[in-house]
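The structure displayed is predicted, hence computed values, not measured ones. Any value given below was found using the heavy atoms of this structure, including those in side chains, with hydrogens, waters and symmetry copies removed. Order of appearance sets the numbers: ligands from 1, and atoms from 1 within every ligand.
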Amino acid sequence: MDHRSHEAIAKWERRWLSASGVLSLIFVLFIAYSLATEGAHIAQQNGRTTPDQLASNAVFGNPGVTPLAPGKFQVAVVAQAFAFTPSEIRLPVGAEVDFFLTSRDVIHGFHIHHTNVNVEVLPGEISYLHYKFDTAGEYRLFCNEYCGISHQNMLGNIVVVPASEYARGDETLAEAGVGERIYNANCAACHQADGAGVTGAFPPLAGNLTSLYDAGGRDYLKQVLLNGLQGDIAIDGVTYNGVMPAWRQLSDEEIANVLNHVLTAWGTPEEFRSYEAAEIAEARAQAVDVTEVHNLRPQR
Ligand code: CUA
């Protein structure tokens, strides 16, 4: 290569280098600007946890809203495919919130629409965010990390209401069907709000559970909720081989409530008896392996 063409190349190299240097500088300025004016900050590590210890964890054992002081709240949320627990969060206007987030399985996102709250939720790590809700309204909450086949249904809601309504709302919430609320928060992302499921992916509950129950499935259903389910099942000629996660983190009462909901919402088994918390506690004490749950399934 002669000297002149070498010079020409070197000239272009210098131009590209300075262009990328200028770009980097612009990006740094943007970050500095948003740190200074938009309240952005870089996420810090806030402690660790492991998915199997969540039930006994002080913050995540009973996720949800905890008042800390007037106008100050702690909100703990556990993400798992494909739901946030809890999926509905109610807060009064002006609430200053410390969010503590973790995942039970894979990486999820926690993004509150119309705010700068947007953080990754990692299994084993606790993410922390502080946010003040100055405006009343509904804030859509969604997962923005692809986490599996029903990722697009991983949604939640933050409802910010005037302080006067806030105290009243607690009572109406308590009146709404508890089982239905638990179902909508945890199960509907896969099994759908109407219980129809998704053919080939998530088994239907409507039109399926009543006959399963009458075929001797009462105990089986408790174990499915407590320990999850793996292995092929066939319903109306369609094979499903998804993985139902265990829902042990729900209390005995919550599991009884949600079972009573799914067994009465879309038809009721002929011999239906309501589930009670005490029998869920008994079933919980039996060490049943997830593969054994599959064997308990009544053949129809
Ligand atoms: Cu969780 Cu996408």
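Screening residues 202-217 for side-chain hydrogen bond (donor to acceptor under 3.5 Å, both in side chains), with sequence neighbours left out, gives Asn208-Arg300, Ser211-Arg300, Tyr213-Arg218.
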Audit row: Asn144, Asn118, side-chain hydrogen bond (donor to acceptor under 3.5 Å, both in side chains) steps and yes/no | CA-CA 9 Å; Asn144 57 10; Asn118 180 4; 3.0 Å; yes
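Ser87 is linked by a side-chain hydrogen bond (donor to acceptor under 3.5 Å, both in side chains) to nothing, counting only residues two or more places apart in sequence or in another chain. Residues passing the salt bridge (charged side-chain N to carboxylate O under 4.0 Å, His left out) test with Asp105: none are found, sequence neighbours excluded.
Of the options Leu259, Thr268, Leu221, Thr264, a side chain to side chain contact (heavy atoms under 4.5 Å, CB included) to Leu209 is made by Leu221 and by none of the others.
In this structure, the side chain of Thr102 does not engage the main chain of Ile126 through any donor-acceptor pair within 3.5 Å.
By the criterion of a separation under 2.8 Å, the protein N/O/S atoms near atom 1 (Cu) of ligand 1 amount to His108 ND1, Cys143 SG, Cys147 SG, Met154 SD.
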